[in-house]
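Just so it is clear: chains get the letters A, B, ... in the order the sequence lines come, proteins before strands, and each one is counted from 1. Here the structure is a predicted model, which means the values were calculated and not measured.
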Amino acid sequence: NAGVMQNPRHLVRRRGQEARLRCSPMKGHSHVYWYRQLPEEGLKFMVYLQKENIIDESGMPKERFSAEFPKEGPSILRIQQVVRGDSAAYFCASSRFDSDTEAFFGQGTRLTVV
Amino acid sequence: EDQVTQSPEALRLQEGESSSLNCSYTVSGLRGLFWYRQDPGKGPEFLFTLYSAGEEKEKERLKATLTKKESFLHITAPKPEDSATYLCAVQAARGGADGLTFGKGTHLIIQP
């Protein structure tokens, strides 16, 4: 039973480029959450999605960031025109139901902007 | 605004030396309080969910407890493999689902 799969594990982008982070939830899970972890900071909630719906994006920066979870395929976190401050570890978590408070995390994507 | 404060920031223990990690929280209605373990370069690994004051859960050398204002993670006779960062998080019982609010974690080192 595969866990939450994130790819790539490491991503290097130059300033101004686009970054695409992918997350495949655990089998049977239809709820996906994205978090960002900055150095020496705690995990910060970004967005919560269900299939084809954004439920809560209150933690998402208003500009340059977007997320989707299509009917088929992985969830995508997209960061346009990356800046150095976007360098962080981005984690995805999935759960079976919205009332299921046991969310399981992937191994993360470490984004470095140079 | 929901807040989670963990203490101490770092803790170094000898193997077999029991101790407790603290998580203080403020939240507008608690749906659940979570403990995760995170190893360097890895994602958080789920340990426990606590739902109401007075609840306790145990797993091997770990025991989590919950009051209305804080949670403790007790580590009994720890081993070097228990070294990790332990994260506490809360989820509010608001209408609609919300993500977790995390503390900054306690970095635990168990020396042989």
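Judged by distance alone, the side chain of A:Q107 and the main-chain N or O of B:G43 form a donor-acceptor pair under 3.5 Å. The backbone N or O of B:G99 lies less than 3.5 Å from no partner atom in the side chain of A:Y35, so there is not a single donor-acceptor pair.
Residue B:R61 places its CZ atom among more than 12 non-hydrogen atoms of other residues, nucleotides or ligands, all under 6.0 Å distant. Shown here is B:K57, whose NZ atom has more than 12 heavy atoms of other residues, nucleotides or ligands within 6.0 Å. Heavy-atom neighbours of B:R12 CZ from other residues, nucleotides or ligands within 6.0 Å: at or below the threshold of 12. Heavy atoms of other residues, nucleotides or ligands lying less than 6.0 angstrom from CD of A:E63 number 12 at most. Within a 6.0 Å sphere centred on CD of B:E9, other residues, nucleotides and ligands contribute 12 heavy atoms or fewer.
Other members of the cluster containing A:V83 do not exist, because no ILVMFWY side chain is joined to it at under 4.5 Å.
Between A:F45 and B:F102, the distance separating the two ring centers is not shorter than 6.0 angstrom. Residues B:Y36 and A:F105 place their aromatic rings such that the two centres sit under 6.0 Å apart.
With chain B as the partner, the residue from A:K44, A:R110, A:E41 showing the most heavy-atom pairs under 4.5 Å is A:R110.
For A:Q37, the part sitting under 4.5 Å from any heavy atom of chain B is the side chain, from C-beta outward, and nothing else. Heavy-atom distances place the side chain of B:Q38, and not its backbone, under 4.5 Å from chain A.
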